[in-house]
Amino acid sequence: MMKFAFSSEMPEQNNFESGYAIMGVPFDSTTSYKSGSRYGPKAVREASYNFETYNLHFDKSLTVDSYDIGDIYITNGNYEKTNEMIIDTVLSVLSMGLKPIVIGGEHTITNGVLKAIYDYDEDYFHNLTIVHLDAHFDMRDTYLDEKYSHATVLRRIHELQPKEIIQLGIRSAELEELDYVKKQDNITYFTNYDIKNNFETVLDYLKKIESPIYITVDIDVLDPAYAPSVGTPSPCGISPFDLEEIIGILSQKESIGLDVVEVSSDTIGDSTSINAAQVIYDYLCLKS
């Protein structure tokens, strides 16, 4: 499997003072519209080779230690077994002193990543802010009679009781989801129009985050003009310029990890995979 650009092979030592472990999860068994995010890790890795080690926008060179450990072993069609493998792998990475960067795959994979962080240090998790970029709330209690689905992932995460969930770019929801979100004291959301019309207010809110964060990016937060190859496209999304500014602010915070999910590209040079790779590239540059 091709490695993410600029990443290194894991050395024989298994303890690190800092650094990031990049891993893919090629799983898309609960996808309900456009399947194909199982190809996301390969597509994003391939797209990453378009970038330079120097990031012109942020005036930073990519020097942080990152290790691409390949794809997590998954069981197609079996969420439970796949989730167990995600938890086990992320726990191993955390115990080595590395932080996870996960390439999806569908959004359900975020459950396993955050459950691993919860299992690793429950107190830390309860002081964690989850920053969620997405076209959708993903806050349904069940979807197609399933408790674990790409449409329920943030509901399951909220039930683990993080400090706060901040949702950005939302523009599609069931009324039940909206009612649930509005009743919670620790969920804040900003729609696509909030970002379009009051972007500085949104950025100011993010700048005031004081707790550690975890970032989960469903690439369908971007408008389909920029990211057409996604599981559930939704019009009137944000732009790559908006996304880059948001990542620029979030990367200044103490963060335990990042995932980028729902890339359903199987074509070289597809704009979806390039924009997804840019998120990881910007994040790593800013952590250098």
Side-chain angles (χ1 to χ4, degrees), residues 1-13 16-27 36-74 86 89-90 93 96-105 109-110 113 133 214-219 221-222 226-230 240-241 243-248 250-252 255-288:
M1 174 62 67
M2 181 187 297
K3 304 294 186 182
F4 194 86
F6 317 117
S7 63
S8 304
E9 297 285 344
M10 286 283 283
E12 292 184 3
Q13 72 187 67
F16 305 83
E17 292 185 5
S18 63
Y20 296 86
I22 301 171
M23 64 200 81
V25 187
F27 181 80
S37 59
R38 68 183 65 184
Y39 306 118
K42 183 177 181 179
V44 172
R45 286 184 175 108
E46 186 280 327
S48 70
Y49 285 84
N50 286 289
F51 302 127
E52 311 285 353
T53 55
Y54 174 68
N55 187 314
L56 179 63
H57 175 63
F58 292 113
D59 189 23
K60 296 277 287 186
S61 292
L62 201 164
T63 58
V64 72
D65 292 329
S66 64
Y67 309 94
D68 192 327
I69 64 174
D71 285 351
I72 293 175
Y73 181 81
I74 63 103
I86 296 170
T89 304
V90 175
V93 162
M96 293 179 190
L98 298 173
K99 297 177 180 180
I101 294 179
V102 187
I103 310 170
I109 70 170
T110 307
V113 181
L133 294 98
Y214 179 87
I215 307 165
T216 176
V217 180
D218 184 329
I219 204 64
V221 72
L222 294 177
Y226 307 109
S229 301
V230 297
F241 294 98
L243 181 54
E244 190 166 53
E245 289 302 301
I246 290 168
I247 294 298
L250 296 178
S251 296
Q252 299 173 31
S255 57
I256 189 63
L258 162 75
D259 67 60
V260 182
V261 299
E262 296 289 350
V263 176
S264 300
S265 172
D266 59 1
T267 303
I268 291 176
D270 174 75
S271 59
T272 309
S273 53
I274 292 172
N275 277 306
Q278 179 85 38
V279 173
I280 299 171
Y281 167 73
D282 283 344
Y283 180 83
L284 287 173
C285 285
L286 287 162
K287 291 298 184 181
S288 295

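Start at 1 with the first residue, then count along the sequence.
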Participant: By ring pair (Phe, Tyr, Trp, His ring centres under 6.0 Å), which residues pair with Y20, not counting sequence neighbours?
Facilitator: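 Y20: ring pair (Phe, Tyr, Trp, His ring centres under 6.0 Å) contacts with Y283.
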Participant: With a 4.5 Å cut-off on side-chain heavy atoms, are I280 and L258 touching?
Facilitator: yes
Participant: When you measure from the side chain of R45 to the backbone N and O of K3, does any donor-acceptor pair fall under 3.5 Å?
Facilitator: no
Participant: Calculate, to the nearest 0.5 Å, the distance between atoms OG and CD1 belonging to S37 and I219 respectively.
Facilitator: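 Separation between the atoms: 12.5 Å.
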Participant: Quick check, are the ring centers of F4 and Y49 under 6.0 angstrom apart?
Facilitator: no
Participant: Return the minimal non-hydrogen interatomic distance between I109 and G104, and the atom names on each side.
Facilitator: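 Shortest heavy-atom separation between I109 and G104 comes out as CD1-CA, 3.6 Å.
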Participant: Just so I know, are the side chains of Y67 and P11 near enough to count as touching, which here means a heavy-atom distance under 4.5 Å?
Facilitator: yes
Participant: Kindly give the heavy-atom pair with the smallest separation between C285 and L62, and that separation in Å.
Facilitator: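 For C285 versus L62, the nearest heavy atoms are SG-CB, 3.7 Å.
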Participant: For side chain to side chain contact (heavy atoms under 4.5 Å, CB included), just list the numbers for Y54 and D59, CA-CA rounded to whole Å, side-chain angles, deciding distance to a tenth of an Å, and then say yes or no.
Facilitator: CA-CA 7 Å; Y54 174 68; D59 189 23; 2.6 Å; yes
Participant: Checking the side chain of K99 only, and the main-chain atoms of S255 only, is there a donor and an acceptor separated by less than 3.5 Å?
Facilitator: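 Such a contact is found between K99 side chain and S255 backbone.
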Participant: Once you round to the nearest 0.5 Å, how far does CZ of F27 lie from CZ of R38?
Facilitator: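 Answer rounded to 0.5 Å: 9.0 Å.
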Participant: Checking T53 side chain against S61 main chain: does a donor-acceptor pair fall under 3.5 Å?
Facilitator: no
Participant: Has D218 got a side-chain atom pairing as donor or acceptor with V221's backbone, closer than 3.5 angstrom?
Facilitator: no
Participant: Heavy-atom count check: over 12 atoms from other residues, nucleotides or ligands less than 6.0 Å from F241 CZ?
Facilitator: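 Open.
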Participant: Mark yes when over 12 heavy atoms from residues, nucleotides or ligands other than Y39 sit less than 6.0 Å from its OH; otherwise mark no.
Facilitator: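 12 or below, so no.
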Participant: Please name the pair of heavy atoms, one in I256 and one in P100, separated by the smallest distance, quoted to 0.1 Å.
Facilitator: O-CD, 3.2 Å
Participant: Checking S288 side chain against L284 main chain: does a donor-acceptor pair fall under 3.5 Å?
Facilitator: yes
Participant: D65 versus F16: any side-chain heavy-atom pair under 4.5 Å?
Facilitator: no
Participant: Provide the closest heavy-atom pair for V44 versus A277 in the form atom of the first, atom of the second, distance.
Facilitator: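 Looking at all heavy atoms of both residues, the shortest contact is O-CB, 3.7 Å.
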Participant: Atom CD1 in I86, atom CD1 in I74: separation rounded to 0.5 Å?
Facilitator: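 Those atoms lie 9.0 Å apart.
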Participant: Give the C-alpha distance, both sets of side-chain angles, the deciding distance and a yes or no for side chain to side chain contact (heavy atoms under 4.5 Å, CB included) between I103 and V260.
Facilitator: CA-CA 5 Å; I103 310 170; V260 182; 5.5 Å; no
Participant: Under a 4.5 Å cut-off applied to non-hydrogen side-chain atoms, are K42 and M2 in contact?
Facilitator: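 Side-chain contact under 4.5 Å: no.
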Participant: Are the side chains of D259 and V217 in contact, using a 4.5 Å heavy-atom criterion?
Facilitator: no
Participant: With side chains defined as the heavy atoms from C-beta onward, is the minimum distance between S271 and P228 less than 4.5 Å?
Facilitator: yes
Participant: Between CG of D282 and NZ of K287, what distance do you get to the nearest 0.5 Å?
Facilitator: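 The distance works out to 13.0 Å.
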Participant: Just to verify, what does Y214 make a ring pair (Phe, Tyr, Trp, His ring centres under 6.0 Å) with, not counting sequence neighbours?
Facilitator: none
Participant: Would a distance-only check, ignoring hydrogens and angles, find a side-chain to backbone donor-acceptor pair under 3.5 Å from N275 to T272?
Facilitator: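 Checking the backbone N and O of T272 against the side chain of N275, no donor-acceptor pair under 3.5 Å is found.
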Participant: Passes side chain to side chain contact (heavy atoms under 4.5 Å, CB included), L133 versus L243? Steps please.
Facilitator: CA-CA 9 Å; L133 294 98; L243 181 54; 3.6 Å; yes
Participant: What's the shortest heavy-atom distance between G105 and P41, and which atoms?
Facilitator: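 Where G105 meets P41 most closely, the heavy atoms are N-CD, 3.8 Å.
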Participant: Determine whether L286 and Q252 satisfy the following criterion, side chain to side chain contact (heavy atoms under 4.5 Å, CB included), listing intermediate values before the conclusion.
Facilitator: CA-CA 7 Å; L286 287 162; Q252 299 173 31; over 6 Å; no
Participant: Less than 4.5 Å apart, any side-chain heavy atom of M23 and any of V90?
Facilitator: yes
Participant: Kindly compute the distance separating CD1 (I22) from CD1 (I69), expressed to the nearest 0.5 Å.
Facilitator: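 Between atom CD1 of I22 and atom CD1 of I69 there are 9.5 Å.
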Participant: Please name the pair of heavy atoms, one in E245 and one in H57, separated by the smallest distance, quoted to 0.1 Å.
Facilitator: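 Reported closest heavy-atom pair: OE2-NE2, 3.0 Å.
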Participant: Roughly how far, to the nearest 0.5 Å, is the CD atom of E52 from the CG atom of N55?
Facilitator: 10.5 Å
